[in-house]
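Each remark here refers to the structure printed beneath this line.
We number each residue from 1, following the sequence as shown.
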Amino acid sequence: MSDIKEKTSPRGSEDNVKASHDHHDVEAPGRQKHIGFEQSVVAAGTDTALSRQLKSRHIAMISIGGVIGTGLFLGTAGALKNGGPIGLLLGYTIMGSICYSVMISLGEMIAYLPISGGHITLAARFVNPAFSFTMGWNYYYNWVIILPAELAAAAVLINYWNKEINNAVWITICLVVVVAINALGAGAYGTFTGEAEFIFASIKVRLLVGLIILGIVLDLGGGPDHTRLGFTHWINPGPFVQYHDIPGDTGRFLGWWSVMTQAAFSFIGTEIVAIAAGEAKNPRRNIPRAIRRVYIRILIFYICGTFIIGLLVPSNDPGLDLKDKNAAASPFVIAITRAGISGLPSLINACLLTSAWSAASSDLYTSSRALYGLALSGQAPRIFTKTAKNGLPWISFIFSALFSFLAYMAINGSAGTVFGWFANMTAIAGLMTWFGICFTYIRFHKGMKAQGIDRTKLPYASKLNPYAAWYALVWIIIICFFSGFSVFLDGGWDTATFVTNYLPFALFPILYFTMRLISRVPLIKPEDMDFQTGLAEIEAATYDEPPPRNAFEKFWQWLM
């Protein structure tokens with residue numbers, strides 16, 4: 001991680017602030033002005049301004065809470081069933097490298113310009129308004145679709161204990177709590193929702209660490225039956241699965257490839273920190289730390305978690321059938337049940353419930369802020385910029401919350417099927433968001449080079465770029481294009497699979513080229529890109545935090 005550099009400006013340094021204003025008020029020749037957060041707020045008045053009230057630990061846990069969810073705890077069952085232990089591990093490793101490449105690209109931009117709307121607003125500055133419009137609505141679509149999926153998953157998890165009561169009751173209870181927490185606004189999100197997210201994410205992290213340690217113990221024969229598993233399941237039934245019984249290397253390759261979309265669903269959400277940047281305290285310090293440290297921990301959890309799953313559960317275990325998407329399909333629950341440990345499955349399921357619940361809270365937060373950012377940049381009706389006194393973009397919030405009622409599609413026995421549809425759509429839409437981030441960064445990189453800006457002086461920079469951005473961009477296109485390959489196999493046609501995989505993929509270019517024709521705005525030239533607007537205000541809000549007073553505070557400051 002030595003390639004990442006982090007810098008802050010001390011609060012109260014008049015020389016630094018003055019120098020900042022003197023430098024950034026100089027407008028590059030021919031530079032075009034584009035609508036950004038600061039310009040929109042000035043134009044619209046104070047009733048549209050978000051407030052910077054999210055602390056470092058809130059930002060860190062928001063980014064964790066939006067990622068660790070049903071994708072890892074439940075979705076890995078289908079991935080193991082289709083890809084085998086090596087296919088599962090390989091798929092998550094490759095997707096993790098793609099996610100890391102996206103995050104360091106996003107981190108470089110958002111640490112330099114931590115403005116409301118995140119990568120959506122930055123796309124208007126460094127690509128063109130049509131691309132920002134496309135990214136914004138694609139991102140919004142992504143989060144309003146996953147919101148009801150998480151609520152439905154929470155209800156299905158509760159079925160582990162009680163199957164008599166209609167799922168509509170559990171969905172309603174979860175929905176009311178999620179909406180109530182988010183309705184308290186940005187300040188409340190820092191003091192209440194942020195604290196709740198902090199607690200929920202802590203539960204997830206502790207659960208994962210505990211499961212990884214327990215998995216190692218069980219694999220080495222420390223379970224009640226004292227059976228030493230080792231790499232037994234890698235040998236029998238084997239490291240890979242012959243997808244749909246297709247023989248040879250082709251079947252094994254397709255088994256691994258089927259893991260990629262599910263792995264994407266698990267990783268989607270790491271970019272949530274960019275949307276939260278507009279409400280982060282001391283963003284020049286907190287955003288880089290959140291992207292760098294929290295993401296690395298998530299990557300370790302995912303790779304270690306999938307490795308342990310492949311050791312403990314054979315890929316042909318009947319409990320891995322994900323048709324019903326119930327708690328019994330969690331590989332962790334299956335592993336503990338197979339080891340003969342009683343009581344723990346219920347505890348794990350309770351933790352999974354908090355995971356789905358907190359993820360739904362993050363989904364509603366993110367979708368409402370994404371819509372707010374679209375409205376600020378003129379790409380959604382202006383009414384969505386309205387904010388309450390507590391900083392809540394209440395019109396955007398109410399509109400986004402309405403989509404949560406789609407969760408009631410899962411009140412019958414088709415809950416797992418509905419969840420699967422939502423998961424497919426979210427994975428592809430999320431990958432297209434990553435594509436947009438990478439493309440925006442490539443333009444950002446070209447603009448900095450054209451205007452002679454030294455990237456090494458940025459608050460956050462990586463020597464891996466721009467190569468990492470190109471690496472992720474190419475992989476994303478390939479994965480999306482072949483995501484629905486199973487429908488083209490003999491006898492494998494499924495209309496729902498085709499639509500849920502390719503609708504979000506096709507929607508992205510349709511939105512872009514339609515808006516491009518309407519707006520008639522070409523790509524912004526690198527020499528005309530706006531790197532200056534809002535920098536003075538951002539740097540004025542940057543300060544050095546008090547030095548730690550003891551070893552614990554030093555560790556905590558490093559951690560968060």
> Is any side-chain heavy atom of Leu220 less than 4.5 Å from a side-chain heavy atom of Arg228?
Replying inline: yes

>> Does any part of the side chain of Ile98, heavy atoms only, come nearer than 4.5 Å to the side chain of Phe267, both counted from C-beta?
In response: no

> What's the spacing between Asn236 CG and Phe231 CZ if we round to 0.5 Å?
Replying inline: 15.5 Å

> Should Asn138 and Leu507 count as side-chain neighbours, where that means a heavy-atom distance under 4.5 Å?
Replying inline: no

> Can you tell which of Phe253, Trp257, Phe485, Trp256 makes a ring pair (Phe, Tyr, Trp, His ring centres under 6.0 Å) with Tyr243?
Replying inline: Phe485

>> The test is side-chain contact (heavy atoms from CB on, under 4.5 Å); show your working for Phe332 and Leu207 and say whether it passes.
In response: CA-CA 11 Å; Phe332 294 110; Leu207 174 64; over 6 Å; no

> How many angstroms lie between CG in Asp317 and OG1 in Thr337, if you round to the nearest 0.5 Å?
Replying inline: 9.5 Å

>> Distance check, rounded to the nearest 0.5 Å: Ser258 atom OG versus His244 atom NE2?
In response: 8.0 Å

> Roughly how far, to the nearest 0.5 Å, is OG of Ser368 from OH of Tyr365?
Replying inline: 7.5 Å

> If we only count heavy atoms from C-beta on, is the Ile479 to Met95 side-chain gap below 4.5 Å?
Replying inline: yes

> Any side-chain heavy atom of Leu320 sitting closer than 4.5 Å to one from Ile334?
Replying inline: yes

> What pair of heavy atoms forms the shortest contact from Ile308 to Gly215, and how long is it?
Replying inline: CG2-CA, 3.7 Å

>> Quick check: closest heavy atoms across Arg338 and Leu312, and the distance to 0.1 Å?
In response: NE-O, 4.1 Å

>> Quick one: does any side-chain atom of Tyr139 pair with a main-chain N or O of His119 as donor and acceptor, under 3.5 Å?
In response: no

>> Could you report the tightest heavy-atom contact between Ile268 and Leu431, atom names first, then the distance?
In response: CD1-N, 3.7 Å

> With a 4.5 Å limit on heavy-atom distance, are the side chains of Cys99 and Trp434 in contact?
Replying inline: yes

> Between Ser404 and Leu175, which heavy-atom pair has the shortest distance, and what is it?
Replying inline: OG-CD1, 3.0 Å

>> Angle between ring planes, Tyr502 versus Phe505, binned at 30° and 60°: parallel, tilted or perpendicular?
In response: tilted

> Under a 4.5 Å cut-off applied to non-hydrogen side-chain atoms, are Met109 and Ile437 in contact?
Replying inline: yes

> Could you go step by step and tell me if Trp143 and Ser400 meet the side-chain contact (heavy atoms from CB on, under 4.5 Å) rule?
Replying inline: CA-CA 9 Å; Trp143 287 100; Ser400 300; over 6 Å; no

>> Quick one about Tyr467 and Ser101 (side-chain donor to acceptor, distance below 3.5 Å, no hydrogens or angles considered), yes or no?
In response: no

> Would you say Asp219's side chain and Gly230's backbone share a donor-acceptor pair under 3.5 angstrom?
Replying inline: yes

> Should Thr232 and Thr227 be marked as a side-chain contact (heavy atoms from CB on, under 4.5 Å) after you check the CA-CA gap, both sets of side-chain angles, and the distance that decides it?
Replying inline: CA-CA 11 Å; Thr232 301; Thr227 300; over 6 Å; no

> Of all heavy-atom pairs between Thr497 and Asp494, which one has the smallest distance, and what is that distance?
Replying inline: OG1-OD2, 2.7 Å

> Would Val179 and Leu364 count as a side-chain contact (heavy atoms from CB on, under 4.5 Å) if you check the C-alpha gap in whole Å, the side-chain angles of each, and the deciding distance to 0.1 Å?
Replying inline: CA-CA 8 Å; Val179 170; Leu364 181 54; 4.2 Å; yes

> Taking the six-membered ring for Trp, is the centroid-to-centroid distance between Phe498 and Trp493 below 6.0 Å?
Replying inline: yes

> What distance do Leu89 atom CG and Leu80 atom CG have between them, rounded to the nearest 0.5 Å?
Replying inline: 11.0 Å

> Side-chain contact, heavy-atom cut-off 4.5 Å: Phe403 with Ile145?
Replying inline: no

>> Using 0.5 Å steps for rounding, measure from the CD1 atom of Ile104 to the CG atom of Asn465.
In response: 4.5 Å

>> Between Tyr302 and Ser266, do the side chains contain a donor N or O and an acceptor N or O under 3.5 Å apart?
In response: no

> If you look at every heavy atom in Tyr460 and Glu108, which pair is closest and at what distance?
Replying inline: O-CG, 3.2 Å

